[in-house]
Amino acid sequence: MLELRNVNYSYGPSQVIHDLSFNLEGGEFLCVLGPNGCGKTTLLKNILGLLSPSSGSILIDGEDIRYLPLTRLAQIMGYIPQAHTPPFPFKVFDVVLMGRTSYISSLAVPGKEDERIALESLEELNISHLKDKIYTKISGGERQLVLIARALAQQPKILIMDEPTSSLDFGKQHLVLEHMRHLSQKGISILMVTHDPDQAFFCAHKVVLMKKGRLLDIGTPEETIIEKSMKDMYDIDVKINGMKLPDNRTIRVCIPVPKPSKLVKCRIPLNSFRGGSKLG
(Lines give C-alpha, C1' and ligand atoms only; values in the text may rest on other atoms or scores of the structure.)
Protein backbone atom coordinates (compact mmCIF):
# COMPACT_ATOMS: atom_id res chain seq x y z
CA MET A 1 0.00 0.00 0.00
CA LEU A 2 2.70 2.51 1.04
CA GLU A 3 6.16 2.16 -0.49
CA LEU A 4 9.33 4.22 -0.16
CA ARG A 5 11.88 3.78 -2.93
CA ASN A 6 15.39 5.14 -2.38
CA VAL A 7 14.12 8.30 -0.68
CA ASN A 8 16.65 11.08 -0.04
CA TYR A 9 15.97 14.46 1.52
CA SER A 10 18.18 17.49 2.19
CA TYR A 11 17.75 20.79 3.99
CA GLY A 12 19.97 22.90 1.75
CA PRO A 13 23.45 21.32 1.71
CA SER A 14 22.64 19.09 4.71
CA GLN A 15 21.32 15.66 3.76
CA VAL A 16 18.95 14.32 6.43
CA ILE A 17 17.57 11.14 4.82
CA HIS A 18 19.81 8.77 2.87
CA ASP A 19 18.47 6.24 0.35
CA LEU A 20 15.59 5.00 2.53
CA SER A 21 13.44 2.13 1.24
CA PHE A 22 10.69 0.11 2.94
CA ASN A 23 6.98 -0.67 2.53
CA LEU A 24 3.85 -0.82 4.66
CA GLU A 25 1.19 -3.36 3.74
CA GLY A 26 -2.55 -3.23 4.40
CA GLY A 27 -3.35 -3.83 8.08
CA GLU A 28 0.33 -3.82 9.01
CA PHE A 29 1.62 -2.03 12.14
CA LEU A 30 5.09 -0.59 11.56
CA CYS A 31 7.16 1.18 14.22
CA VAL A 32 10.06 3.51 13.41
CA LEU A 33 12.75 3.70 16.11
CA GLY A 34 15.84 5.87 16.23
CA PRO A 35 17.68 8.43 18.35
CA ASN A 36 16.83 12.13 18.39
CA GLY A 37 17.91 13.94 15.24
CA CYS A 38 18.06 10.82 13.05
CA GLY A 39 15.42 12.12 10.60
CA LYS A 40 12.22 10.47 11.85
CA THR A 41 10.08 13.63 11.79
CA THR A 42 11.48 14.63 8.38
CA LEU A 43 10.58 11.16 7.16
CA LEU A 44 6.97 11.60 8.33
CA LYS A 45 6.73 15.01 6.65
CA ASN A 46 7.84 13.45 3.36
CA ILE A 47 5.30 10.64 3.68
CA LEU A 48 2.51 13.12 4.48
CA GLY A 49 3.40 15.22 1.43
CA LEU A 50 4.44 18.25 3.49
CA LEU A 51 7.96 17.88 2.08
CA SER A 52 9.03 16.43 -1.24
CA PRO A 53 11.99 14.01 -1.52
CA SER A 54 15.18 15.37 -3.09
CA SER A 55 15.26 12.10 -5.01
CA GLY A 56 13.46 8.77 -4.89
CA SER A 57 9.72 8.32 -4.62
CA ILE A 58 6.92 7.60 -2.16
CA LEU A 59 4.05 5.56 -3.59
CA ILE A 60 0.55 4.72 -2.41
CA ASP A 61 -1.00 1.83 -4.31
CA GLY A 62 1.62 2.43 -7.00
CA GLU A 63 0.89 6.18 -7.38
CA ASP A 64 3.54 8.77 -6.57
CA ILE A 65 2.12 11.03 -3.83
CA ARG A 66 3.63 14.11 -5.53
CA TYR A 67 0.95 13.80 -8.19
CA LEU A 68 -1.99 13.21 -5.84
CA PRO A 69 -4.18 16.19 -4.81
CA LEU A 70 -3.86 17.15 -1.15
CA THR A 71 -7.55 16.40 -0.58
CA ARG A 72 -7.00 12.87 -1.90
CA LEU A 73 -3.95 12.41 0.36
CA ALA A 74 -6.04 13.55 3.34
CA GLN A 75 -8.61 10.88 2.50
CA ILE A 76 -5.94 8.19 2.34
CA MET A 77 -3.75 9.16 5.31
CA GLY A 78 -4.71 10.33 8.78
CA TYR A 79 -2.13 12.06 10.98
CA ILE A 80 -1.99 11.90 14.79
CA PRO A 81 0.56 14.30 16.36
CA GLN A 82 2.25 14.05 19.76
CA ALA A 83 -0.15 16.53 21.32
CA HIS A 84 -2.54 19.23 20.18
CA THR A 85 -4.41 22.04 21.89
CA PRO A 86 -6.50 24.28 19.62
CA PRO A 87 -6.71 28.02 20.30
CA PHE A 88 -10.51 27.88 20.67
CA PRO A 89 -12.62 25.79 23.08
CA PHE A 90 -14.28 23.51 20.53
CA LYS A 91 -16.53 20.68 21.62
CA VAL A 92 -15.07 17.20 21.20
CA PHE A 93 -17.65 16.35 18.54
CA ASP A 94 -16.65 19.41 16.49
CA VAL A 95 -12.96 18.44 16.69
CA VAL A 96 -13.76 14.96 15.36
CA LEU A 97 -16.03 16.41 12.67
CA MET A 98 -13.03 18.40 11.38
CA GLY A 99 -11.72 15.06 10.11
CA ARG A 100 -14.37 15.27 7.37
CA THR A 101 -12.88 18.48 5.91
CA SER A 102 -11.35 16.77 2.86
CA TYR A 103 -14.80 15.43 1.87
CA ILE A 104 -16.58 18.81 2.10
CA SER A 105 -16.34 21.57 -0.50
CA SER A 106 -15.06 24.96 0.62
CA LEU A 107 -18.53 26.56 0.58
CA ALA A 108 -20.43 23.63 2.16
CA VAL A 109 -21.09 22.59 5.75
CA PRO A 110 -20.92 19.08 7.23
CA GLY A 111 -23.98 17.01 6.40
CA LYS A 112 -25.82 14.24 8.22
CA GLU A 113 -23.50 11.61 6.74
CA ASP A 114 -20.44 13.47 8.04
CA GLU A 115 -22.00 13.70 11.49
CA ARG A 116 -22.82 9.99 11.44
CA ILE A 117 -19.22 9.09 10.58
CA ALA A 118 -17.89 11.39 13.34
CA LEU A 119 -20.18 9.73 15.89
CA GLU A 120 -19.10 6.26 14.72
CA SER A 121 -15.45 7.29 15.12
CA LEU A 122 -16.12 8.26 18.75
CA GLU A 123 -17.95 4.97 19.32
CA GLU A 124 -15.06 3.01 17.81
CA LEU A 125 -12.82 4.30 20.60
CA ASN A 126 -15.49 4.08 23.34
CA ILE A 127 -15.45 7.85 23.97
CA SER A 128 -18.94 8.83 22.85
CA HIS A 129 -19.56 10.16 26.36
CA LEU A 130 -17.04 12.95 25.63
CA LYS A 131 -18.77 14.36 22.54
CA ASP A 132 -20.31 17.39 24.25
CA LYS A 133 -17.33 18.15 26.48
CA ILE A 134 -14.90 21.00 25.76
CA TYR A 135 -11.79 19.56 24.13
CA THR A 136 -9.38 21.84 26.00
CA LYS A 137 -10.81 20.75 29.37
CA ILE A 138 -10.49 16.98 29.06
CA SER A 139 -7.40 15.00 30.09
CA GLY A 140 -4.33 14.48 27.91
CA GLY A 141 -5.17 10.82 27.37
CA GLU A 142 -8.72 11.68 26.35
CA ARG A 143 -7.46 14.37 23.96
CA GLN A 144 -5.18 11.84 22.28
CA LEU A 145 -8.11 9.44 21.78
CA VAL A 146 -10.12 12.34 20.31
CA LEU A 147 -7.29 13.01 17.83
CA ILE A 148 -7.38 9.35 16.82
CA ALA A 149 -11.16 9.62 16.39
CA ARG A 150 -10.65 12.72 14.22
CA ALA A 151 -8.20 10.78 12.06
CA LEU A 152 -10.65 7.86 11.82
CA ALA A 153 -13.35 10.27 10.61
CA GLN A 154 -11.16 10.79 7.54
CA GLN A 155 -11.78 7.08 6.80
CA PRO A 156 -8.09 6.62 5.97
CA LYS A 157 -6.29 3.55 4.77
CA ILE A 158 -3.16 4.63 6.66
CA LEU A 159 -2.64 6.24 10.08
CA ILE A 160 0.62 8.14 10.64
CA MET A 161 1.56 8.77 14.29
CA ASP A 162 4.45 10.81 15.69
CA GLU A 163 5.13 9.61 19.26
CA PRO A 164 1.40 9.69 20.12
CA THR A 165 1.92 8.57 23.73
CA SER A 166 4.89 10.78 24.66
CA SER A 167 2.89 13.08 26.97
CA LEU A 168 0.67 10.42 28.53
CA ASP A 169 0.93 8.52 31.80
CA PHE A 170 1.67 4.80 31.78
CA GLY A 171 -1.98 3.71 31.88
CA LYS A 172 -3.11 6.05 29.10
CA GLN A 173 -0.15 4.97 26.93
CA HIS A 174 -1.32 1.38 27.15
CA LEU A 175 -4.93 2.38 26.40
CA VAL A 176 -3.93 4.27 23.24
CA LEU A 177 -1.70 1.40 22.04
CA GLU A 178 -4.50 -1.13 22.62
CA HIS A 179 -6.84 0.94 20.45
CA MET A 180 -4.20 1.32 17.74
CA ARG A 181 -3.49 -2.40 17.70
CA HIS A 182 -7.22 -3.08 17.40
CA LEU A 183 -7.47 -0.71 14.42
CA SER A 184 -4.63 -2.50 12.62
CA GLN A 185 -6.45 -5.79 13.17
CA LYS A 186 -9.42 -4.23 11.35
CA GLY A 187 -7.24 -3.55 8.30
CA ILE A 188 -5.91 -0.01 8.81
CA SER A 189 -2.18 0.33 8.15
CA ILE A 190 -0.31 2.13 10.93
CA LEU A 191 3.10 3.79 10.89
CA MET A 192 4.19 4.99 14.33
CA VAL A 193 7.35 6.79 15.42
CA THR A 194 8.33 5.87 18.97
CA HIS A 195 11.33 5.99 21.29
CA ASP A 196 10.14 2.99 23.30
CA PRO A 197 11.27 -0.48 22.11
CA ASP A 198 8.69 -2.08 24.43
CA GLN A 199 5.89 -0.40 22.46
CA ALA A 200 7.21 -2.00 19.29
CA PHE A 201 7.32 -5.39 21.00
CA PHE A 202 3.73 -4.86 22.14
CA CYS A 203 2.05 -3.87 18.88
CA ALA A 204 4.32 -3.87 15.80
CA HIS A 205 4.42 -6.40 13.01
CA LYS A 206 7.51 -4.75 11.55
CA VAL A 207 10.19 -2.35 12.81
CA VAL A 208 12.38 0.15 10.97
CA LEU A 209 15.56 1.18 12.79
CA MET A 210 17.06 4.52 11.75
CA LYS A 211 20.41 6.09 12.54
CA LYS A 212 21.74 9.35 11.07
CA GLY A 213 19.04 9.30 8.39
CA ARG A 214 19.91 5.81 7.20
CA LEU A 215 18.14 2.49 7.45
CA LEU A 216 19.95 0.50 10.10
CA ASP A 217 17.69 -2.56 9.97
CA ILE A 218 14.17 -3.68 9.11
CA GLY A 219 12.25 -6.77 10.18
CA THR A 220 10.10 -8.14 12.96
CA PRO A 221 10.57 -6.71 16.47
CA GLU A 222 12.30 -9.94 17.52
CA GLU A 223 14.74 -9.70 14.61
CA THR A 224 15.57 -6.00 14.89
CA ILE A 225 15.31 -5.02 18.57
CA ILE A 226 18.30 -6.86 19.93
CA GLU A 227 21.01 -5.90 22.38
CA LYS A 228 23.53 -5.01 19.66
CA SER A 229 21.18 -2.78 17.66
CA MET A 230 20.08 -0.87 20.79
CA LYS A 231 23.74 -0.32 21.66
CA ASP A 232 24.46 0.88 18.12
CA MET A 233 21.51 3.31 18.07
CA TYR A 234 21.34 4.67 21.59
CA ASP A 235 24.84 3.94 22.95
CA ILE A 236 23.36 2.09 25.91
CA ASP A 237 23.67 -1.50 27.09
CA VAL A 238 20.35 -3.36 27.35
CA LYS A 239 19.07 -6.82 28.11
CA ILE A 240 16.17 -8.31 26.15
CA ASN A 241 14.11 -10.57 28.39
CA GLY A 242 11.00 -12.64 27.75
CA MET A 243 8.06 -12.35 30.14
CA LYS A 244 5.26 -14.92 30.28
CA LEU A 245 1.71 -13.56 30.44
CA PRO A 246 -1.25 -15.24 32.22
CA ASP A 247 -2.58 -16.50 28.85
CA ASN A 248 0.79 -18.28 28.28
CA ARG A 249 1.93 -15.79 25.64
CA THR A 250 5.49 -14.55 25.97
CA ILE A 251 6.24 -10.88 25.41
CA ARG A 252 9.71 -9.37 25.20
CA VAL A 253 10.86 -6.34 27.16
CA CYS A 254 13.95 -4.16 26.72
CA ILE A 255 15.71 -3.30 29.99
CA PRO A 256 18.58 -0.75 30.22
CA VAL A 257 21.65 -2.02 32.05
CA PRO A 258 22.91 0.54 34.61
CA LYS A 259 26.53 1.50 34.22
CA PRO A 260 28.76 0.86 37.26
CA SER A 261 28.86 3.97 39.41
CA LYS A 262 32.22 5.61 39.98
CA LEU A 263 32.77 6.70 43.56
CA VAL A 264 34.49 10.07 43.91
CA LYS A 265 36.92 10.28 46.76
CA CYS A 266 36.39 13.21 49.12
CA ARG A 267 39.54 15.34 49.29
CA ILE A 268 38.25 17.70 52.01
CA PRO A 269 39.71 16.97 55.48
CA LEU A 270 37.07 15.75 57.89
CA ASN A 271 38.11 18.30 60.52
CA SER A 272 36.90 21.03 58.15
CA PHE A 273 33.34 20.11 59.14
CA ARG A 274 33.97 20.37 62.90
CA GLY A 275 33.39 23.36 65.14
CA GLY A 276 31.12 25.11 62.63
CA SER A 277 33.95 25.72 60.12
CA LYS A 278 32.84 27.19 56.82
CA LEU A 279 34.12 25.85 53.55
CA GLY A 280 35.60 28.41 51.20
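With hydrogens and angles disregarded, a donor-acceptor distance shorter than 3.5 Å links the side chain of Ser189 to the backbone of Gly27. Checking side-chain atoms of Ser229 against main-chain N and O of Thr224 turns up a donor-acceptor pair under 3.5 Å. No side-chain donor-acceptor contact under 3.5 Å links Ser10 to the backbone of Pro13. Within the 3.5 Å criterion, the main-chain N or O of Thr42 finds a donor-acceptor partner in the side chain of Asn46. Side chain of Lys40 to main chain of Gly34: a donor-acceptor pair is present (N/O by atom type, distance under 3.5 Å, no hydrogens or angles). Between the side chain of Thr136 and the backbone N or O of Pro89 there is no donor-acceptor pair closer than 3.5 Å. Asp64 places no side-chain N or O within donor-acceptor distance of the main-chain N or O of Tyr67, the cut-off being under 3.5 Å. In this structure a side-chain-to-backbone donor-acceptor pair under 3.5 Å is missing from Ser184 to Phe29. Between the Glu178 side chain and the Leu175 main chain, no donor and acceptor come within less than 3.5 Å of each other. When atom types are taken as modelled, the side chain of Ser21 and the backbone of Asn6 share a donor-acceptor pair closer than 3.5 angstrom.
Between the side chains of His179 and Asn126, no donor-acceptor pair is found at a separation under 3.5 Å. No side-chain N or O of Ser55 forms a donor-acceptor pair with one of Tyr9 less than 3.5 Å apart. No hydrogens or angles considered: nothing links the side chains of Ser121 and Glu124 as a donor-acceptor pair under 3.5 Å.
A side chain to side chain contact (heavy atoms under 4.5 Å, CB included) with Ile127 holds for exactly one of Leu145, Ile138, Val92; it is Leu145. Tested against Leu48, the residues Ile160, Ile58, Leu73, Leu70 include a single side chain to side chain contact (heavy atoms under 4.5 Å, CB included) partner, Ile160.
Shown here for Cys254 and Ile240, the closest heavy-atom pair between the two residues is SG-CD1, 3.7 Å. Residues Gln144 and Pro164 share a closest heavy-atom pair of NE2-O, 2.9 Å. Between Pro156 and Ile188, the shortest heavy-atom distance links the atoms O-CG1, 4.2 Å. What you find for Met77 and Gln154 is that their closest heavy atoms are O-NE2, 3.1 Å. Across all non-hydrogen atoms, the minimal contact from Lys206 to Pro221 is N-CD, 4.4 Å. Residues Leu33 and Ala200 come closest through the heavy atom pair CD1-CB, 4.0 Å.
Remark: Ala118 engages Phe93, Val96, Leu97 in a side-chain contact (heavy atoms from CB on, under 4.5 Å) (not counting sequence neighbours).
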Residues Glu63, Leu68; criterion side-chain contact (heavy atoms from CB on, under 4.5 Å); working and verdict: CA-CA 8 Å; Glu63 292 186 81; Leu68 292 174; 3.5 Å; yes

Working for side-chain contact (heavy atoms from CB on, under 4.5 Å), residues Leu183 and Leu159: CA-CA 10 Å; Leu183 292 173; Leu159 284 177; 4.0 Å; yes

Gln199/Gln173 under side-chain contact (heavy atoms from CB on, under 4.5 Å): CA gap, chis, key distance, verdict: CA-CA 9 Å; Gln199 292 188 353; Gln173 288 182 26; 3.5 Å; yes

Leu191 vs Leu2, side-chain contact (heavy atoms from CB on, under 4.5 Å): CA-CA, chis, key distance, verdict: CA-CA 10 Å; Leu191 189 154; Leu2 173 68; 4.2 Å; yes

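Between Glu227 and Lys231 there is no salt bridge, since none of the side-chain N atoms of the basic residue sits less than 4.0 Å from a carboxylate O of the acidic one. The pair Arg252-Glu222 does not meet the salt-bridge criterion, since no charged nitrogen lies less than 4.0 angstrom from a carboxylate oxygen.
There is a path of hydrophobic side-chain contacts, each under 4.5 Å, that joins Val207 to Met230. In terms of hydrophobic clustering, with Ile, Leu, Val, Met, Phe, Trp and Tyr side chains grouped at heavy-atom distances under 4.5 Å, Leu168 and Val95 are assigned to a common cluster. Placement of Val208 and Met192 in two distinct hydrophobic clusters is found when ILVMFWY residues are connected by side-chain heavy-atom separations under 4.5 Å, directly or transitively.
In this structure, the side chains of Phe22 and Leu30 come closer than 4.5 Å at one or more pairs of heavy atoms.
The 12-atom threshold is exceeded at OH of Tyr11, counting heavy atoms of other residues, nucleotides or ligands nearer than 6.0 Å. In the displayed structure, Arg214 atom CZ is contacted under 6.0 Å by at most 12 heavy atoms of other residues, nucleotides or ligands.
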